[in-house]
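Report on the structure given below.
Scope of the values below: all heavy atoms of this structure, side chains included, with no hydrogens, waters or symmetry mates.
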Amino acid sequence: QVQLVESGGGLVQAGGSLRVSCAVSGLTFSEYAMGWFRQAPGKEREYVTSINWSGSSTYYADSVKGRFTISRDNTKNTVYLQMNSLKPEDTAVYYCAAIYYSGSYHSTDHREYDYWGQGTQVTVSS
């Protein structure tokens, strides 16, 4: 079955960095665009960033642009989220998600994604 497993979350001080990973199995990874979303307590799930199937196209929410970087390794079926200059407002559970699409369109709507991981907690202390 399809599995998306996030790892690498944790506690970090404001201004610090963290990298989270998402290992994918059970599907043809290169046929899927990948996205990262986050959800803070009491808030709706929020789009963070996405990357197309080849890694040639990325898109970011304004709130993370210039601080976060998404990448993927199709040989390892893994997508990464490098987070720099972290702020307390970045605190949330971070989810990776897969959407079957071979173009360069970036969906920011979580309802369009086909598969989801279980999430990893990222906490940024002030």
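A donor and an acceptor atom, one from each side chain of S17 and N84, are located under 3.5 Å apart. Side-chain N/O atoms of T75 and D73 include a donor and acceptor closer than 3.5 Å. For E112 and S107, the side-chain atoms include at least one donor-acceptor pair closer than 3.5 Å.
Looking at every heavy atom in both residues, F37 comes nearest to T108 through CE2-O, 3.7 Å. Between G8 and L18, the shortest heavy-atom contact is O-CG, 3.6 Å.
Side-chain contact check for M34 versus Y115: every heavy-atom pair is 4.5 Å or farther apart. Considering only heavy atoms from C-beta on, E46 comes within 4.5 Å of S63 through its side chain. Under the 4.5 Å side-chain criterion, counting only non-hydrogen atoms from C-beta, Y60 is in contact with T58.
Note: Y59 and Y47 have tilted aromatic rings, judged against thresholds of 30 and 60 degrees for the angle between ring planes.
Applying the 6.0 Å contact sphere to NZ of K65 captures more than 12 heavy atoms from other residues, nucleotides or ligands.
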**OP:** Show your working on side-chain contact (heavy atoms from CB on, under 4.5 Å) between T49 and F68 and close with a plain yes or no.
**Re:** CA-CA 8 Å; T49 180; F68 289 12; 5.7 Å; no

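In this view, T123 and Q121 satisfy the side-chain hydrogen bond (donor to acceptor under 3.5 Å, both in side chains) rule, not counting sequence neighbours. With sequence neighbours left out, D90 forms a side-chain hydrogen bond (donor to acceptor under 3.5 Å, both in side chains) with R38, R67. Under the side chain to side chain contact (heavy atoms under 4.5 Å, CB included) criterion, E31 pairs with T28, Y100, not counting sequence neighbours.
Side chain of E6 to main chain of C96: a donor-acceptor pair is present (N/O by atom type, distance under 3.5 Å, no hydrogens or angles).
Judged by the 6.0 Å distance and 45° axis criteria, R72 is not positioned over the aromatic ring of W53.
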